[in-house]
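A quick note: this is a predicted structure, and the numbers were derived from the prediction, not measured.
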There are 2 protein chains.
Amino acid sequence: MLSTVSAVTDQRSAQPEPGPTGTALRLMLAAAEAFADKGFHATTTRDIASRAGLSPAGVYVHFASKELLLYQLSKDGHETALSVLQVAAEQADGPREALAEMVRRFTTWHAEHFTVARIVQYEFQHLTPEHRAEIVTLRKRIEGAVHSVIEDGVAAGEFEVADVATTTLAVLSLAIDVARWFAPGKRRTPEAIGDAYADLALRLVAAH
Amino acid sequence: MLSTVSAVTDQRSAQPEPGPTGTALRLMLAAAEAFADKGFHATTTRDIASRAGLSPAGVYVHFASKELLLYQLSKDGHETALSVLQVAAEQADGPREALAEMVRRFTTWHAEHFTVARIVQYEFQHLTPEHRAEIVTLRKRIEGAVHSVIEDGVAAGEFEVADVATTTLAVLSLAIDVARWFAPGKRRTPEAIGDAYADLALRLVAAH
DNA sequence: GTCTATACCTTGATAGAC
DNA sequence: GTCTATCAAGGTATAGAC
């Protein structure tokens with residue numbers, strides 16, 4: 001059910017068939033808002049239930065625990081974030097275009113879906129050790145995608161960086177931190193922020 | 001008691017006279033570790049008490065509530081962070097040196113004091129509305145300090161940026177996000193990260 | 001200033017009727 | 001699948017002895 005929640009948040013796509021049924025989806029959206037707003041531990045199952053229009057007990061028909069709700073959201077969000085990077089990398093021509101497009105779309109995603117993005121970046125530490133381990137694997141692939149394109153750019157003589165690992169972290173920080181400060185109603189749109197940050201990323205790698 | 005907690009964490013300074021007494025200080029250090037590790041709401045007063053070697057009731061002799069403990073830590077941390085920026089700005093000669101020195105020290109602080117920095121950047125939303133409002137004022141001054149130096153650099157013809165506000169956010173994101181990913185025992189020292197990020201900030205503003 | 005004991009409340013989760 | 005009712009556990013904070 002990759003990006004089911006994101007897709008619904010988008011209000012772009014007609015209802016696809018698989019994944020959570022209507023009520024489960026409503027619960028995930030309710031939980032996403034609550035977790036992003038107050039954090040996992042400050043959110044009560046009663047809060048989630050009432051946001052979704054259910055009684056406190058109604059949650060447990062669809063999710064066995066509050067942690068499982070977080071896990072589904074976190075996994076879904078990480079998979080979507082990784083997919084955003086991969087699609088951008090595939091479609092672009094050369095490291096320079098690839099990095100710009102990856103940062104543009106990754107940043108835009110963090111702003112547009114800042115509730116899920118906040119859960120992805122700041123709440124995964126509250127998962128069980130087993131679930132956290134699974135998510136950490138996805139996080140390494142996200143970091144690896146950015147690391148690769150910078151490495152390619154250096155090898156091709158298009159980028160000049162002092163240290164690939166440090167620059168990778170810096171580029172990721174730019175986009176990730178958007179989930180912390182972004183709020184709807186900001187002057188700049190998610191797309192404008194993505195455009196600006198793509199340029200800034202090219203400066204970080206001293207692209208020719 | 002500006003930076004009392006940071007100073008003790010440093011193990012650099014001999015005991016100064018004002019501020020919290022020994023036990024209150026131990027409680028603040030215990031709370032800082034716990035809040036940074038698990039977040040405010042996941043931390044129990046029992047946890048804080050036991051880390052400080054006290055009974056659960058012992059906390060309330062020194063702090064009237066758990067929130068007040070967070071408030072003291074947050075205020076102390078924000079004042080120190082602001083002071084780091086101000087000292088760097090005063091000592092430097094010209095916008096280029098000022099920006100580099102501010103980012104160097106601000107970043108190093110976020111790594112070296114990553115427990116307090118994490119509370120500063122990610123836990124202040126759990127303060128009471130009154131306390132949060134006070135902290136927001138400090139946060140605006142922090143953002144203003146970076147905004148000013150970039151504006152000065154542009155005015156002096158030393159920097160070239162598309163938008164001062166966006167670049168300010170990006171520079172701050174670089175340093176702030178260090179508090180999220182830094183962990184003791186990392187290959188790079190706080191100082192090395194600060195040095196690298198000072199260079200990256202100069203790239204972001206296209207310093208001549 | 002610190003302790004033991006505990007009040008009082010909210011929490012995550014379950015039982016069982018419909 | 002949803003509800004009402006409820007449980008056991010653990011939360012913040014206080015009372016009162018020492």
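One atom, CG of A:Leu27, and another, P of C:dA13, lie 14 Å apart when rounded to the nearest Å. Distance B:Leu54 CG to C:dT2 C1': 8 Å, rounded to the nearest Å. Rounded to an integer number of Å, the gap from A:Leu70 CG to C:dG12 C1' is 15 Å. Following rounding to the nearest Å, A:Asp47 (CG) and C:dG12 (C1') show an atom-to-atom distance of 14 Å. Residue A:Phe63 contributes atom CZ, which lies 15 Å from atom P of C:dT14 at whole-angstrom precision.
Between the side chains of A:His126 and A:Glu67, no donor-acceptor pair of N or O atoms lies under 3.5 Å. Between A:Asp163 and A:Thr166, the side chains place a donor N or O and an acceptor N or O closer than 3.5 Å (distance only, hydrogens not considered).
Summarising the geometry, atom CD belonging to B:Glu90 is positioned 11.0 Å from atom CG belonging to B:Leu85; distances are rounded to the nearest 0.5 Å.
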Enumerate, atom names and distances included, each donor-acceptor pair closer than 3.5 Å involving a side-chain atom of residues 100-107 of chain A, sequence neighbours excluded.
unit_1	atom_1	unit_2	atom_2	d
A:Glu101	OE1	A:Arg104	NE	3.2
A:Glu101	OE2	A:Arg105	NE	3.0
A:Glu101	OE2	A:Arg105	NH2	3.4
A:Arg104	NH1	A:Asp195	OD1	2.9
A:Arg105	NH2	A:Gln91	OE1	2.9
A:Thr107	OG1	A:Val103	O	2.7

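Pairs passing the salt bridge (Lys or Arg N to Asp or Glu O under 4.0 Å) check and including a residue from residues 136-148 of chain A, sequence neighbours excluded, do not occur. Legend: ring pair (Phe, Tyr, Trp, His ring centres under 6.0 Å) pairs involving residues 47-81 of chain A, not counting sequence neighbours, sorted by first then second residue: A:Tyr71-A:His131.
Using a 4.5 Å cut-off on side-chain heavy atoms (C-beta onward), A:Thr167 and A:Val146 make no contact. By the 4.5 Å heavy-atom criterion applied to side chains, A:Phe114 and A:Pro190 are not counted as neighbours. Residues A:Ile48 and A:Phe35 meet the side-chain proximity criterion, which asks for heavy atoms closer than 4.5 Å.
For the pair B:Arg180 and A:Asp177, the salt-bridge criterion is not met [side-chain N within less than 4.0 Å of a carboxylate O].
Using a 4.0 Å cut-off on heavy atoms, none of the residues of residues 32-39 of chain A approach DNA chain C. At a non-hydrogen distance threshold of 4.0 Å, nothing from residues 123-133 of chain B comes into contact with DNA chain C.
Between A:Ala207 and A:Arg96 the shortest heavy-atom distance is CB-NH1, 3.9 Å.
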- Note on the structure: Once base and sugar-phosphate atoms are separated, protein heavy atoms under 4.0 Å mark nucleotides 4-16 of chain D, 5' to 3', with B, S and - as B-B----BBBBB-
